[in-house]
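Predicted, not measured: the structure shown is a model, and the values here were computed from it. Counting starts at 1 for both ligands and their atoms, following the listed order.
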Amino acid sequence: MEELRKKYIEAISDAADEASLEDLRVQAVGKKGEVSLKMRELGKMTPEERQVAGPALNALKDEINSALAAKKAALADAALDARLKTEWLDVTLPGRGRRQGTIHPVSQVMEEVTAIFADMGFAVAEGPQIETDWYNFDALNIPGHHPARAEMDTFYTHRAEGDDRPPHVLRTHTSPVQIRTMEKTGAPIRIICPGRVYRADYDQTHTPMFHQVEGLALGKDISMANLKWVLEEFFSAFFGTHVETRFRASHFPFTEPSAEVDIQCSWQDGTVKVGEGDDWLEVLGSGMVHPKVLEAGGIDPNEYQGFAFGIGIDRLAMLKYGIPDLRAFFDSDLRWLRHYGFASLDQPTLHGGLSR
Ligand code: PHE
């Protein structure tokens, strides 16, 4: 018995895992285990022998069982310890900072412009950036021979050899959306259209792609006075201060009469401030929609009239946020974007106050 005891207690303490523990249990105290077989022999013993051997065997069985249970618990503890070691985590470490993008000043200004005009009842309309010759020019009263076509430095798309339809163009202004909207909804109309436009031009104040916001209001008695009020209201809300406008007679094929509009500003040490001083800065073209344009859009010029305007968005962003070079807008330089960009949750809104 002492041999059995030694053998199993040692083997149990050396067992490496639960499976070998189970083997040992079967070998020792299982139905046909060594200890169990010994117990069966008790029957053949004399009562005296049995009185000694019985309790001793029972004690041995108990001892082996508790050794098994203790070892099993120890193995489980060791496994848990090992896991804890590999899954260890220092919750006091500082978090890994994630780079956050910023809202581009142009996107920011588009949001602001949209919010201000929405407040005056203007909906947002959109049109394609690759435009037909007709929408970009003809429908806007710019026929084929018109000098405005050359002035606009248009990008033309390619037509296959032998295909002599006029090529599509990258829209040179947002004005084609006027026609598209007239066709789609008829009058009355009150929309703005912010978007990208393209002209082959590149210097400190010109990039081949830039942004405009078109405005169009058609009704039965809309006049130039309404145009002036809307624009002054817009600029004052946008710059957060009362802004005087100056209308200068001008010419666009699609408006009659036409006016270029300047906003009041001051120049001090090379920086410009809007809404004060007695200098003027040109920011948009506008006028009363030409009857031919209304006709092209399927609207009766004897019944409806109204105004249209086109504002350069990039210029507005430069003025409001003091950004000196237009080209940097489209360089995708991360340092520039981080400096001039807006936090996504920190956008000035109409209800929160547009100016900061
Ligand atoms: N489309 C003109 C431009 O790009 C601006 C404009 C729009 C002028 C609407 C008058 C009316 O210069």
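- Of the heavy atoms in Ser286, only backbone atoms (N, CA, C, O) come closer than 4.0 Å to ligand 1.
- Close approach of ligand 1 to Ser175 (heavy-atom distance below 4.0 Å) involves ligand atoms 1 (N), 7 (C).
- For the side chain to side chain contact (heavy atoms under 4.5 Å, CB included) with Ile299, the lone residue among Val293, Leu294, Val289 that qualifies is Leu294.
- Here the shortest heavy-atom pairing between Leu140 and Asn136 reads CD1-O, 3.4 Å.
- Scanning all protein heavy atoms for the shortest distance to atom 5 (C) of ligand 1 gives Gly310 CA, 4.1 Å.
- With Tyr135 as the aromatic partner, Arg171 does not meet the cation-pi criteria of under 6.0 angstrom to the ring centre and within 45 degrees of the ring axis.
- In plain terms, the two heavy atoms of Tyr8 and Glu34 that are nearest each other are OH-OE1, 2.7 Å.
- Judged by distance alone, the side chain of Thr157 and the main-chain N or O of Pro167 form no donor-acceptor pair under 3.5 Å.
- In summary, the atoms of ligand 1 found under 4.0 Å from a heavy atom of Gln212, numbered by their order in the structure, are 3 (C), 4 (O).
- For ligand 1, the polar-atom distance check finds no N/O of Thr255 at less than 3.5 Å from any of the ligand's N/O atoms.
- For Gln178, no nitrogen or oxygen atom sits less than 3.5 Å from a nitrogen or oxygen atom of ligand 1, counting backbone and side chain alike.
- For the pair Phe137 and Glu131, the minimum side-chain heavy-atom distance is 4.5 Å or more.
- Only the side chain of Arg199 comes within contact range of ligand 1, with a heavy atom under 4.0 Å; no backbone atom does.
- In this structure, Phe254 counts as a contact residue of ligand 1, since one of its heavy atoms falls inside 4.0 Å of the ligand.
- For the pair His173 and ligand 1, the shortest N or O to N or O distance falls below 3.5 Å.
- Taking the centre and axis of the six-membered ring of Tyr202, the NZ or CZ atom of Arg327 falls inside the cone set by 45° and 6.0 Å.
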